[in-house]
Amino acid sequence: MSNQVPIAEGLFTWPAANPALLGSRCKSCGIAAFPAAKSCMACSGQNVEIEELPGRGTLWTWTVQRFMPKSPYNSGETPETFKPYGVGYLELPGGVRVEGRLTENDPAKLRIGMEMEVVFEPYRTEDNGDEVISFFFKPVA
Amino acid sequence: MDVAIVGIGIHPFGRTPSRSGLEQGAYAAREALKDAGAAWRDMQFAFGGSASAGSADALVNELGLTGIPFINVANGCATGGSSLISAYNAIKSGEYDIGLVAGFDKHERGAFNADPKSLGIGMWYGETGMMMTTQFFAMKIQKYMHDHGISADTLAKVAEKSFINGSKNPNAWRREPIAVEEIANSMMVNDPLTKFMFCSPSEGGVALILCRADMASKYTATPVYLKAATLKSRRYGSFEVFAPSQALQQVDGPTVDAARAAFEMAGVGPRDIDVMQLQDTEVGAEIMHMAENGFCEHGEQEQLIQSGATHIGGSMPVNTDGGCIANGEPIGASGLRQVYENVLQLRGQAGEHQVPNDPRLAYTHVYGAPGISAVTILQK
């Protein structure tokens with residue numbers, strides 16, 4: 001049984017029955033940020049608290065990455081196995097617009113304003129067999 | 001005290017395997033000194049920048065050890081603009097009479113691979129393939145096309161013009177026109193942008209000699225005055241490159257802020273500008289920067305570009321030397337290339353890429369990570 005580890009600590013709740021992205025919200029001005037920050041970019045305040053961000057939103061903009069990025073890209077792919085991937089900003093109600101990879105890479109199936117949900121899936125497998133989990137945005141069926 | 005540009009020098013952009021980036025910078029510096037009829041030992045200070053080709057102040061090893069203060073500037077794509085502002089302020093303050101600004105670079109082939117850590121972003125952002133400037137530009141124009149009715153054909157027409165202008169510029173890298181159909185049908189890189197719609201990292205060097213306006217006639221018969229030089233970083237709420245998240249409420253970006261400050265400083269408006277060099281890391285940037293700098297309304301670019309207004313003979317010539325798309329982007333030199341081009345235009349020395357009707361006011365704009373813009377306004 002492989003071990004599942006998050007791609008970074010503090011990015012989302014893991015392990016969890018219903019994992020969620022972790023943002024921060026400024027208690028002075030109410031502005032949210034992702035990933036969680038120690039100070040507020042809007043008002044410079046340092047009174048911030050971490051909160052779970054909503055798991056569903058609308059696609060604000062998108063593109064498809066057609067060539068394999070150089071390091072620090074680390075997906076376990078080789079130039080031969082590389083698959084283009086979608087990237088977009090998901091507008092989360094009451095929160096922020098978060099940038100993430102999309103599970104869909106077909107431009108014909110992507111449009112601004114479509115509804116998407118945040119999902120947590122294996123991204124790559126480490127040499128020791130650990131599965132690295134990251135977050136993705138997936139069209140709502 | 002006004003500040004004048006009295007000497008300009010360039011090393012051709014593109015790929016020069018026989019010369020290091022530093023050597024290209026020294027070549028440009030010597031050309032600028034020759035143009036001003038000045039000697040290196042006359043320079044009282046220097047500012048310079050290079051992202052990938054070593055420290056700019058190593059130029060003293062090439063040019064001679066005269067003991068001057070040479071300050072290295074590093075501000076991403078706005079490095080050249082930042083060097084120029086520093087030199088402008090050094091002279092305007094009364095501290096110095098004359099000095100040199102230089103920028104050069106030599107990048108490896110392929111897209112830039114930025115380091116998340118250097119910008120305070122977690123490694124996961126790069127590991128998952130989001131630390132890509134090309135994605136940001138693609139997503140920004142994708143949204144802009146959706147909101148303001150810009151067509152895919154207009155994207156291709158911008159690159160077509162870049163290569164036409166590049167073909168007229170002996171210092172450009174890409175010197176062959178490319179048909180609009182070939183641009184549109186070339187490999188898709190980041191939807192909606194194809195291969196020929198992007199600039200590539202390249203090599204080159206530019207240097208400028210600046211001096212007190214009241215001393216300009218000692219060096220040149222055709223001084224060009226720096227009427228404004230501004231630099232702004234992003235405010236909360238603007239949509240910028242390398243942003244894992246952004247605000248729901250949007251405010252104007254650093255380009256809008258830098259442009260406003262520059263027009264105010266120069267005491268002129270967008271309609272007064274005769275020729276403009278706008279950051280075109282890809283075609284979408286050129287389109288959006290036309291409006292962000294105040295030269296048209298959002299969406300008006302569709303008609304302006306389709307009607308040829310941005311060509312050399314048009315009503316608002318943009319990127320008359322071929323811009324980043326035809327010159328590539330050596331980060332340290334790129335912003336100074338725009339100023340070099342505008343000085344040529346105002347002197348009437350731009351040859352085949354000269355705009356007609358004796359231009360008087362010229363404008364430059366650069367944009368860089370993680371959300372900075374620099375603007376200059378030159379007047380003859």
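We use all heavy atoms of the structure for the numbers below, so side chains are in, but hydrogens, waters and symmetry mates are not. First the proteins, then the strands, lettered A, B, ... as listed; each starts at 1.
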Could you check, using the six-membered ring where one of them is a Trp, whether F12(A) and W124(B) have ring centers closer than 6.0 angstrom?
no
Going through the distances and angles, do V96(A) and Q246(B) end up as a side-chain contact (heavy atoms from CB on, under 4.5 Å)?
CA-CA 6 Å; V96(A) 289; Q246(B) 45 153 328; over 6 Å; no
Apply side-chain contact (heavy atoms from CB on, under 4.5 Å) to F67(A) and N190(B), showing your working.
CA-CA 8 Å; F67(A) 65 93; N190(B) 283 105; 3.9 Å; yes
Counting only heavy atoms not in [X] (residues, nucleotides, ligands), do more than 12 fall under 6.0 Å from its [atom1]?
X	atom1	result
K195(B)	NZ	no
Q250(B)	CD	yes
D106(A)	CG	yes
Q4(A)	CD	yes
K232(B)	NZ	no
E9(A)	CD	no

Got M188(B) and V64(A) here, is their nearest side-chain heavy-atom distance under 4.5 Å?
no
Check whether any side-chain heavy atom of Y73(A) sits under 4.5 Å from a side-chain heavy atom of E127(B), and report yes or no.
no
So which residue, R235(B), Q249(B), M123(B), M132(B), ends up with the most heavy-atom pairs under 4.5 Å with chain A?
M132(B)
Go through the atoms of [X] and report whether side chain, backbone, both or neither lie under 4.5 Å from a heavy atom of chain B.
X	result
Y123(A)	side chain
F135(A)	side chain
R124(A)	side chain

With respect to chain B, which residue among [options] yields the maximal number of heavy-atom pairs within a distance under 4.5 Å?
options	result
I7(A), I112(A), V98(A), L90(A)	I112(A)
M41(A), K70(A), M68(A), R97(A)	R97(A)
A8(A), A42(A), S134(A)	A42(A)
S75(A), P72(A), A33(A), G95(A)	P72(A)

Run the side-chain contact (heavy atoms from CB on, under 4.5 Å) test on R101(A) and T128(B) for me, step by step, so that the C-alpha distance in whole Å, both residues' side-chain angles and the decisive distance to 0.1 Å come before the verdict.
CA-CA 8 Å; R101(A) 279 177 70 131; T128(B) 55; 4.2 Å; yes
Nearest-0.5 Å distance, CD1 of residue I31(A) to OH of residue Y236(B)
4.0 Å
Can W62(A) and D191(B) be said to form a side-chain contact (heavy atoms from CB on, under 4.5 Å), step by step?
CA-CA 8 Å; W62(A) 60 273; D191(B) 305 58; 4.1 Å; yes
Side chain Y85(A), main chain G129(B), donor-acceptor under 3.5 Å
yes
For M139(B), is there any backbone N or O sitting under 3.5 Å from a side-chain donor or acceptor partner on T63(A)?
no
What's the shortest heavy-atom distance between E91(A) and L248(B), and which atoms?
CG-CD2, 3.5 Å
Going by atom types alone, do Y125(B) and E99(A) pair a side-chain donor with an acceptor below 3.5 Å?
yes
